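In what follows, a structure is listed as structure tokens, so that the remarks can point back to it.
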Amino acid sequence: MPKYNTYGLVMLIRSEDVKELLFQGSSDLMLYLDTFGRILKINKAGLAFSGFSEEEVIGKIFWKIPGVFLKRNVPKYLKVFKNTLTGKETKGFLGILNDKSGKAHLIEFSTYPIKENRKIKYVLVIGKDVSEQKETEEKYRLIGKYTSDLVALVTFTLNPTFTYVSPSHEKVLGYEPRDLIGKSIFDFIHPVDKKNMMFLLKKYVSVKAKKLLTGKNRDVTESLEFRFKDKSGNWRYMETTANMMGKEILAVSRDVTERKQAMKEVYKTVEKLKKSQRKIELQNIQLKKLDRIKSNFLSVTSHELRTPMSAIKGYMQMLLKQSLGEITEEQKQALKVILRNTTRLDNLIQDILDISRLESGTMKFLPEQTDLQKMIREISETMQSSADLKNIKINVDIEKGIPELTIDQGRIKQVLMNLVNNAIKFSPQRAVINIRAKREEDNVLFEVQDFGRGIPKDKQEKIFETFYQVESGKNMKFGGAGLGLSISRGIVLAHDGRIWVESTPGKGSTFKFNLPIQPMMDIENKFKKIDIFGLELKE
Amino acid sequence: MSITIIEKKVCVEYEVEERKKMTKIMIVDDEPDLREMLDLTMKKEGYETEMAEDGSDFLEKINEFQPDIVTLDVMMPGSTTKEILQKLRRKKSNPKIILLTVVRYSNEQKEKVFKMGNVVDYIKKPFELDDLMDAVKKHVQRSL
């Protein structure tokens, strides 16, 4: 059925036939009332819409048809009716009208006074059912009113203008709705973002065209991000969902400026981190190079420093054995002193190399299953000869059933021999030294006890530091570079153990260290991670 | 100690001494002082000796000298010990090798080393001369 714009048109047409045709053909509800409000005539659309038959309504006062209007609203309609009778037209007056089945419709009424012989004889009432439209509008209005999101309607053109703006705009952007309504969105959008927006709009328009052509209801929703100028002139980042709705676009936006800025900060920080990571990687490569140089240096030095020792000691031993000819007793004594000091020098070189290796983390560890009973017996036998010089007796007490340990036997032997050597050094003549080993929970505890002068409480930690001596300068009675305990500590730590001393001055000292029973895995890697000499703390 | 045991021991000592005269030892070391010191010591002990200053020198001289025992320094310029031992396989000579090494070996590494060619022992540098001489003597005795 063709749809005519019936507003006012009816009055202009003189031909009664055409008037009738328009009256009956309109899709809007139309009726004529006399000056008392009685229904004189009603069109087909009106009957179809209301559900009544012509007989049921003709001659009845419009607002008194039972059930059609709510009683409390009737005075409002009466007022409009009376107003019309004075000669004024009313347009877009909203009223609720119930059809015969009781269903309520929101009707936009228009009333026109119709004169005959200069006197108002009839009132033409035209009603348009806007229930659905109003419902939707109302929903949007409510949503717009209460949401913190920015809801706006803009015209669906290539230069969209605001037709509706939710009050939330004021709080977020500083604009009251009237600041925006009627204005182009491009007055507020960043020029750079305008380009993207235009591209999208063109796409929308084409979709709109397609929709009109094919009648397919394609729901078009776009998410976009753009900068919008707020009232104080700052750009705010908006994240918008745009919906094409008929002639308008519904845009629901959110201010994401803070999030954007936070993201920017995050990107900046990430960039910074990446940079410093690259820096660290480079430094790491350089450190690795240095590390390689250092360990190369150590192995070369180790070889170069110690090789001459072999030749020196070898010839001295040959001379002492008199295999190169007989020597006098005095010569023999002199050679013995040379040999003893050469050995001392050799040991010192060995110690310094060990310290360097421990400090640089390049010491090699060779863990192997070790029979502790056998190892400790060997040590006591080896050390007994130097103990004999002071008539010292070495006692060994190893707990029965002591477990085997996976350790670098050579290195742990070195620790024990160092402790026993110290014990001999600091013991008086004819003293006793006790070596003990026993299981203690998940560890094996080793002890070397002497009955020497002991170590004052405040020095019991310091003695494990590199080059530390309890006595120094003039008071120094005992030789040694002060490296032994430091090396021992490094070796024990590398084995995941702990070393300490319990001592009472004047009564003697007991050096203790423990080693875990659990086999050492990847000892060298672990060792590299241990900060044995507190190097990291010093920095 | 009963007389028979003493007699036996003396007999062995005697045989070792005799054997020494027939035992040829080759000293391979790039350090001339150490090499000469070892050479002198071995000679004084009664062995027949020859010196080589590196791997290729050793491989050159071996066919002519035909040593029974070789003391081989592990760290020398030129070829690695492994390479030297591999090339040795192609030679007619089949001496026992005693490695002289600055590096410590783990049990695992020791096993590997002993699987390489004719390695029978290894001595950690710096060594006590007596230890090296004992090791040499041990292998002379073994070949009795």
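Here the structure is a predicted model, which means the values were calculated and not measured. Proteins come first, then strands; the chains are lettered A, B, ... in the order of their sequence lines, and each starts at number 1.
- Nearest heavy-atom pair across B/Leu129 and A/Gly314 is CD2-O, 3.3 Å.
- Here the CD-CD distance, from A/Gln317 to B/Glu128, works out to 5.0 Å after rounding to the nearest 0.5 Å.
- The 12-atom threshold is not exceeded at CG of A/Asp442, counting heavy atoms of other residues, nucleotides or ligands nearer than 6.0 Å.
- Heavy-atom distances place both the backbone and the side chain of B/Leu40 under 4.5 Å from chain A.
- Using a 4.5 Å heavy-atom threshold, the side chains of A/Leu324 and B/Lys44 count as touching.
- More than 12 heavy atoms of other residues, nucleotides or ligands sit less than 6.0 Å from atom NZ of B/Lys43.
- Annotation: maximal heavy-atom pairing with chain A below 4.5 Å, among B/Leu38, B/Leu132, B/Thr41, B/Asp29, occurs at B/Thr41.
- When the shell of 6.0 Å around NZ of B/Lys124 is examined, it contains more than 12 heavy atoms from other residues, nucleotides or ligands.
- Taking all atoms of both residues into account, the shortest heavy-atom contact from B/Leu34 to A/Ser310 is CD1-CB, 3.2 Å.
- Heavy-atom contacts from other residues, nucleotides or ligands closer than 6.0 Å to NZ of A/Lys332 number 12 or fewer.
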